[in-house]
Participant: 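Please see the structure below; I have some questions.
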Amino acid sequence: MSIPLNYYIVLSMILFSLGIAGVTTRRNPILIFMSIELMLNAVNLSLIAFGRYLGDAGGQMLTIFVMAVAAAEVSVGLGILIAIFRTKDNVDVDVLNGLKG
Amino acid sequence: MTLQALLSGQGLMFLFFAVAAIASGLLVVILQNPLRAALSLVINLFSVAGLYLSLNAYFLATVQVIVYAGAIMVLFLFVIMLLNMGQANLNTSYRGVRTIIAFSSAIGFGGLMSAVALKGQPDVMLPADAMVTGSSAGSVEGIGKVLYNPNLPWLFAFEWTSFLLLVAVIGAVVLAGKRQQPSEDKA
Amino acid sequence: MNELILVIVALPLIAAVIASLVHEKSAKSISIIGSAIACLLSILGITTGGTIDRGFHHVFNAPWLPKLGLMFSFGLDGMSSLLVLLTTFLTVIAVIVIPAPKNAVRAYYLSILVAGALTNVAFASLNILLFYIAFEAALIPVLIAIGMFGGGDRSKAAIQFFVFTVIGSLLLLSAIIGLRIATGTFDYLTLKDLVAAGAVDPSLLRWFAIASFIAFATKAAVVPLHAWLGRAYINTPTGMLLLLSGAMAKLGVYGLIRFTLPLGGDFAESLVPLIVTLGAVSVVYGAFVAAAQTDIKAVIAFSSISHMGYIVIGAVVGDDAARSGSVLQMLNHGITTGALFICCDFISRYRGSRQVTALGGIWSDSPLFSRLLLLFTFSSVALPLTNGFVGEFLILLGAFHKFPYQTAIASAGAIGSAVYMLWMIQRSIYGGSKSDASKVISLGVSERSVLLALALMIIGIGVAPSPLLAIASDNGHKVGAAMQPEVK
Amino acid sequence: MNFGDIHAAGAPILMAVGGCVVLLTDLASKRSDTRKFGTFLAILFCIASMLCSYTLGGQLRTAFSNGIAVEGLVVTMQILLAAIAAVTIVASSEILQSFHLPKGEYRALILLASAGAMVLVQSLDLVNAFVGIEIMSVAFYVLAGYRRAQAASEEAGAKYFLMGAFVSAILLFGIALIYGSVGLAMKANGLELPQGYSFTNIVTISKAIHQVPGFGTSPLFLLGAVMLIGSLMFKAGVAPFHMVAPDVYQGAPAPIAGFLATTSKVAAFTILMRFFTILAGADTGAAINVVVIGLALLSIIVGNTGAANQKSIKRLFGYSSVAHGGYIVLGLLASLGTESQAAAITAVTFYIVAYAITTIGSFAVVAWLGKDGEDADAISAYRGLGKRNLGAAITLGIFLLSLSGIPLTVGFLTKLGVFMALLSAGGTWVAVVALIGSAIGLYAYLRVISEMFFVDSTQQETSSTDGASKLVAVSAATLVIVMGVFPSQALLPSFEASVTAPPVSGDEVK
Amino acid sequence: MSTILWLVPLIPLIGAIINGTIGSKLGERLSSGIAILSVIGAFIAAIAVVGGVSSSPGHFVESNAVAWMSVPGTPLSIPFSFHVDPLNGGMLLVITGVGALIHIYSASYMHGDKGYSRYFAYLNLFVFFMAVLVMAGNLPLLFVGWEGVGLASYLLIGFWQEKWSATQAAKKAFIVNRIGDVALLIAMFMLYREFKTLNLYGDSGILTQLTASSTFHVETGVATAIALLLFGGAAGKSAQLPLFVWLPDAMEGPTPVSALIHAATMVTAGIYLVCRFHLLFEMSPLAMQVVAWTGGLTALVAACAGVAQWDIKKVLAYSTVSQLGLMFVACGCGAFTAAMFHVTTHAFFKALLFLGAGAVIHALHGEQDMRKMGGLASKIKSTHLLVLIGTIAIAGIPPLAGFWSKDEILLAAFDHNRPVYGLAAATSALTAFYMWRMYMLTFQGSSRVDEHTAHHLHHPDTRIVLPLAILGILSVIAGFMNAPAVGLHFYSDWLAPVIPSPEHSHNSGLVMGISVVVALVASAMSVAKYKSFTVGTGAKSSPVFAFFASALRFDDLYAAIVVKPLTAAAAWSNLSVERNGARGLLRLGHSSVDFVGKSVRRWQSGIVGDYILSMAICLIVIVSVVLIAGTRGGN
């Protein structure tokens, strides 16, 4: 007996909303970024699940590209975050409020 | 799909990995110490990789473990160490009512989406043939046949992903690279 | 020849361009030449030459954005030819009489000539989108003139003036587009026929009537929508003010006669009582506020709200005599108020102040100037045998049998105008000469000839208005046998 | 995959290759002499890409197994993107010089970002679109924070990155849900996937919408569609996802800000246009349309009132981009309703082209007035500019008048186009709110003009050294006036002919 | 004949233009010469015209019509056309005749004034406008003259423009006149609405339509309204009760001006208008009552005020207002001929008195206060004699002109409106009293003149005495033009074609007796009281005297109920409506935009976390809205 598709989808949605919770509540940019990775992961899961149940390779293909994108984002994102927070003492995203109004 | 079916072989594996994923995901959000959060994310990645296996996506499971868990998370740990955030930093991420709103909105969002997912779709079971033949869609050979097949739409995207990675490399070098001219000190 | 209007519009623009390139000293002479020739040509415009099409002569058509329906289509009838003549005439005077501010001579002449040319485009256009574009684009040179060369709080005045008028004209834009969608064309003549034939759905025409009335009432400073006028007129440099009060304010009333009434369908007719009441209120309100001013330029500014009240009544009341009187009064107001603003400019330049308390003794110092000023004042007060009386009398006479009460209130306004104008004259030019010799207002040859020309026109129109009335009566509204007072 | 396909995707490829070539030449040669040569090379590639897409002509076809589409809209947008890239490279030579920023990498990033945008513009398949968006966004994160020595630019980069990453996750989840719902629906109704198409292809989606009964309102698809539209609106800077615009445009150096504003809008609106065309047919259209019109009106109000009492001119342009985003969406939705979709799409495309030119010009003026690279951001610095630097004041004045839609500028024609579309689609109340918005906007822009011309100041003559951005600003201003008066002649020749056909949607493409 | 008609107004106009433009260069002699000749020319032309009128069959002479205001496509076409008939023929003679005399008089009176030629230009301009007013063939042309004389009086009252009080008085005169003019204007519109033409004469003229009353009926409401409005205009011009305050202040102008404008000609224009429309007035008894009562009350009020004045010109001014009141009493009682006759006689003796007073003031180097005069009879004998004649005439003592014309009025009042007769009788008594008071204080009694002016008294030259003499003679003989008691009714026959002469009243003897007794008793009382007047005795003036002195405090009344509220309304409309109302609207718009803008800018807090959170929340909201709308709608 196989597992119905909905289980996978609900699981990925739960993980996705956990990711959102992480992004919105965290103050440390690195952890925000990790939560985004978590969200991406959840999406990959749902993609593969859809792909599997539709018998179509599209899902897995997109997952590959997502991983490539995640890698690219990590490299650039961490680059930016390091550039900023290297000199600051506490790593807190609320410090970045120079531009407002 | 009764409970007891869930507990038999295939279902058990899914249940185990699902619980692991959710737990580690929750830890990533909750833990104050970034290091521990990173490690719990790694666990999460592993458990999702396990789920991939249950969905016959063998190639992706391995890629997930090697690239995602291996390379990306290592990078994260490296950066955490670099910015010496190892020990639990002082300001907790709790920001008063905002955090409560954020948390409740996230849960609301999750609930909304899952309600949508459950209500809309009838219980889709695996098609009979897919179960039996254990087709090689998920294996490296299957992925390769589909990915590089010229009259399938994904080749175009694949080519452009290379340029994406090129941009990422340039970006990383430009942003975090050493300064060329000393004069360009902090404005 | 059909391209007459094009030449009248293009000449000042070319002069403006040349003036802005050439040295400052000759900038003035070039501008004068350009605008003077345009003025002479516009006299030619009055004669019915070129192709005639449904009451409009000198009709000229050229595509601009055919896909959008926007055409360069010009045509003059009696009314618009008079107003074009008025605009070009005021441009010439503004350039001759008022010296440009030292630091930006070229920009000053540029703004006046461009403003005049665009107003002419608006007066002569037969394509309602072209009218709208000229109607709004003409605001830019005025905005710049007020902003750069204006008086005290010029930046606030400029912004308020521009935003207030543009909001009004945005309503007009939505109405015009509404018509375009319903009928598929911006061409005024076809629209007029369609509306006359009742081929356009009335709710759209109702919206057109309301929106265009608000836009044109704002421009003509009818009372509730006049808030911009006070501060704008006081802070506008006199050269541009001649155009703003003399020609552009008339765009509002011209719009009412040309667009709101014919295209507004029968809903526009039902608006007439409201407009006439507002006109009467403007007359009285303008008089009251003018009486409370101490700055002579402010007195004249608010007096023009009062005069515009008369003109608006005459324009909408639907009686041929009143409408011809109203068109003539537009011309008269341009001349009289223009002359008053010029004198006001002289006084403030030679006496250094426009506050009534600081003036006095001009009568004995500069006799010719003060006598001319007195004549202009009495023309503004509508004394018989001056131009003011002819227009006002015809308007009130024509309007009386339909709206007796409003007309009575409006004629009471004549008392008000006597009060504040004579009160201003008494405090500003009579009394012993308090100031030393340097303050004597000495008129150069050109200034003297301009003022005398204006004086002659005032008396001329006052004594022999019929030729102008004949032209003015051709304003696209043949009401058949006019003035049958209904049975008492 | 034959030569025809390569030609179809030629424009972005040329740009990307150009990026690599520029990068390599920069590395190979010595430091000093690369500025002139590098710029020239970059522009060469841009022109090449323009020619490549121009020669595609307007006839409708797809390539790379229906992954990308070739049509008038794509051609126009690609030429516009290439032009924007070229102009930005020219305009930013000054800031590169004065801040000693790496030149080769900068030009490469611009070209690659533009390439990503082009891919997005022409992609039919959401996967390609996703990759294109990511290339563009990643390049934007770097460009935003390019001047890393300056705190503001750094902060802009970080903010743009964090929000961008979050939104791309949302976008991805949208695509995943659409993929799933389309797949399941077609499977359930026994519809076969057309040969050579993937589930995430817009054609398949529109097929599903049109042929599967009730699919339009199935919750999963709606959720996916809303997420997709929401993230695209973030890229286009439409409220309530507009937060990024003011901060990033103020932080980033002016030419870069100009590039970010225009490229992201052009790309995002094209894909939005494509997505709305297929949605318009479906019964989902009603629900989403109402919500999106609400968002558009919100962004008009937010944009215009936000700009009202701004202290910084770049933030002013940020808010005005939100407002104009709202107008474009309004024009888009209203025009889709009408029977003549082609004319409507032309109007909206014209609006996007006009807006791009105005924004590039405005930011070029800000750069031009900056002293050795530092932008003249505070509006009080513009006080009495009319007397100090008349040329700059008039140029900025023209842009401001065009943004507020005053006749004889291109802004007026675009405003006219939107109003006509709205009123003919019966949206009178929507038109009234748009009217009020434009009046408020007028007040905001007029305040700047009054600062420049109507208030005299004591600041001394500013000697502007930045010839390049001056050239860009002045040419953009003349274009704004010329397009305002004779739009048909001035426009890209391909525009008129090519944009006649509506974008690729359901049935016509086989 | 019709061309001569044009000459009457045009010659003074040409004189005015010459004096106005190049007058100052010509020197006194030449410019006054031109002015006098032009008025005399007009006088001769007037005589020729009147001759023409009396000889012509229809008793009127008309000029050809020159187009003035005409709107093609409408029946409206107003020409410059003149029409002289016995009614305005008589007035024309008075205007140009008395005008000529006053021009001669002021040639010497204004000697040495630096605005000499300007003065004569204005005077000629006045004669031109007065001629146009009287001869106008249609109502707008009449209005031209009507406001034209208002302008001339403004210019002349404010002639000495250095004096603030002079320009103030000029402004007041013009504005009060304007109020009347507006009433006339509205009357014109109503007439145009009723008769669909503005021409007075000719076959379709208003007056001809009125005479053929059978074909034309105006229900009394409209007729009353028009009549009252016409009377309003007349009241403005002829200084009747509500609008008389400007005339006493008009004394600021040079004395000849007062003589010409504020005694003889302009102020009588109101009576001319009422007499011209006498048919209309006769149609509505209410209007007649109003005219009668207003006239009566004005006469009494002015007479009371006249008694208490110390300035010699003010006395004469109030006396003019009072006499005008009497004329309107005559009109109100239907005796239009009597009214016109009194206009003519009043013109002569009032001009005489004013010029005499002018001579006195001239002699005393500008002294106008009667308390500083006295005992001048012996010093300026000729002036004294002529002023005496004038005083006797105006006091209504037979056989001089005043008696006859006033008697006619009293008779008419006695027949038709007994209470108004009472007012009129009291007025004529008071008139006699204050006129003799003026005569006694000026010429009789001990000389209170300070010695400096006394010993080089300025003796008036012939150019002053000659006009006085002529006017004196006229004051004496004019009465006999229309003395029905004695069988002389030359004047009423002259007016017969225009105004039907009144039927013979049987109790004329009684009325004549009463008026003679009243006049003599009042004169005797006044002479007795002021024979031995010294400044001291006047000190204890009773409160009533002070109340009368300030013209029954009408000025303060108007200041309180008219001027103050209007200025307050002006200030209020300028401040609260203009500043706060209209511009307040703009500020309101501005602040609301500001408020929304501020909240948008606060939403843009700068913290990334807030941005992402707000995006997430918005997404949730949108998703739920779309889902609810989408699924439930399901359309």
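Treat the numbers as computed from the prediction; the structure is a model and nothing was measured. Just so it is clear, the values below take in all heavy atoms, side chains as well, and ignore hydrogens, waters and symmetry mates.
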Participant: Go through the atoms of A/I9 and report whether side chain, backbone, both or neither lie under 4.5 Å from a heavy atom of chain B.
Facilitator: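 Only the side chain of A/I9 comes within 4.5 Å of chain B.
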
Participant: Take the angle between the ring planes of A/F65 and B/F158 and call it parallel below 30°, perpendicular above 60°, tilted in between.
Facilitator: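 Ring orientation, 0 to 90° scale: tilted.
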
Participant: Heavy-atom cut-off 4.5 Å, strictly under: side chain, backbone, both or neither for B/S54 against chain A?
Facilitator: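 Both backbone and side chain.
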
Participant: For B/I101, is it the side chain, the backbone, both, or neither that has a heavy atom closer than 4.5 Å to a heavy atom of chain A?
Facilitator: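 No part of it gets close to chain A.
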
Participant: Highest number of heavy-atom pairs under 4.5 Å with chain B: which of A/I80, A/L11, A/N41, A/V76?
Facilitator: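 Looking at each option in turn, the highest pair count goes to A/N41.
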
Participant: Which bit of A/L31 comes within less than 4.5 Å of chain B, counting heavy atoms only: side chain, backbone, both or neither?
Facilitator: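 A/L31 touches chain B through side-chain heavy atoms alone.
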
Participant: Against chain A, label B/F103 side chain, backbone, both or neither, depending on which of its atoms sit under 4.5 Å from a heavy atom there.
Facilitator: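 Both backbone and side chain.
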
Participant: Identify the two heavy atoms, one from A/A72 and one from B/L164, that lie closest to each other, and give their separation to 0.1 Å.
Facilitator: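 Closest heavy-atom pair between A/A72 and B/L164: CB-CG, 4.0 Å.
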
Participant: Decide yes or no for A/L40 and B/Y68: does some side-chain heavy atom of the first lie under 4.5 Å from some side-chain heavy atom of the second?
Facilitator: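 SC-SC contact between A/L40 and B/Y68 confirmed.
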
Participant: Carefully, step by step, assess B/V48 and A/N44 under the rule side-chain contact (heavy atoms from CB on, under 4.5 Å).
Facilitator: CA-CA 9 Å; B/V48 168; A/N44 284 347; 6.0 Å; no

Participant: Would you mind checking which part of B/A71 comes under 4.5 Å of any heavy atom in chain A, side chain (CB onward), backbone (N, CA, C, O), both or neither?
Facilitator: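 Neither part; nothing is under 4.5 Å.
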
Participant: Considering all heavy atoms of both residues, which atom of A/R52 and which atom of B/N56 are nearest to each other, and what is their separation?
Facilitator: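 Residues A/R52 and B/N56, closest heavy atoms: NH2-ND2, 2.8 Å.
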
Participant: If you tally heavy-atom pairs under 4.5 Å against chain B, which of A/S12, A/A49, A/S17 wins?
Facilitator: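 Among A/S12, A/A49, A/S17, the one with the most close pairs to chain B is A/S17.
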
Participant: Please look at B/V79 and chain A and tell me whether the side chain, the backbone, both or neither of the residue comes under 4.5 angstrom of a heavy atom of that chain.
Facilitator: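 It is the side chain, since no backbone atom gets that close.
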
Participant: Look at A/A71, A/G58, A/S35 and state which one has the largest set of heavy-atom pairs under 4.5 Å with chain B.
Facilitator: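 Greatest number of close heavy-atom pairs with chain B: A/G58.
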
Participant: Does any heavy atom of chain B fall under 4.5 Å from the side chain of A/L15, the backbone, both, or neither of them?
Facilitator: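 For A/L15, the side chain is the part near chain B, not the backbone.
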
Participant: Quick check on B/L82 against chain A: is it the side chain, the backbone, both or neither that has a heavy atom closer than 4.5 Å?
Facilitator: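 For B/L82, the contact with chain A is made by the side chain alone.
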
Participant: What are the two closest non-hydrogen atoms of B/R98 and A/T24, and how far apart are they?
Facilitator: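 The answer is NH2-O, 3.8 Å.
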
Participant: Tell me which of these, B/I22, B/V167, B/L26, B/V67, has more heavy-atom pairs under 4.5 Å with chain A than the rest.
Facilitator: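 If we count pairs closer than 4.5 Å to chain A, B/I22 comes out on top.
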
Participant: Measuring heavy-atom distances to chain B, does A/E73 have an atom under 4.5 Å in its side chain, in its backbone, in both, or in neither?
Facilitator: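 Looking at A/E73, nothing touches chain B.
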
Participant: Start with the C-alpha gap between A/I64 and B/V63, add the side-chain angles, then the distance that decides, and say whether side-chain contact (heavy atoms from CB on, under 4.5 Å) holds.
Facilitator: CA-CA 9 Å; A/I64 293 169; B/V63 165; over 6 Å; no

Participant: Side chain, backbone, both or neither: which part of A/F16 has an atom under 4.5 Å from a heavy atom of chain B?
Facilitator: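 Just its side chain gets close to chain B.
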
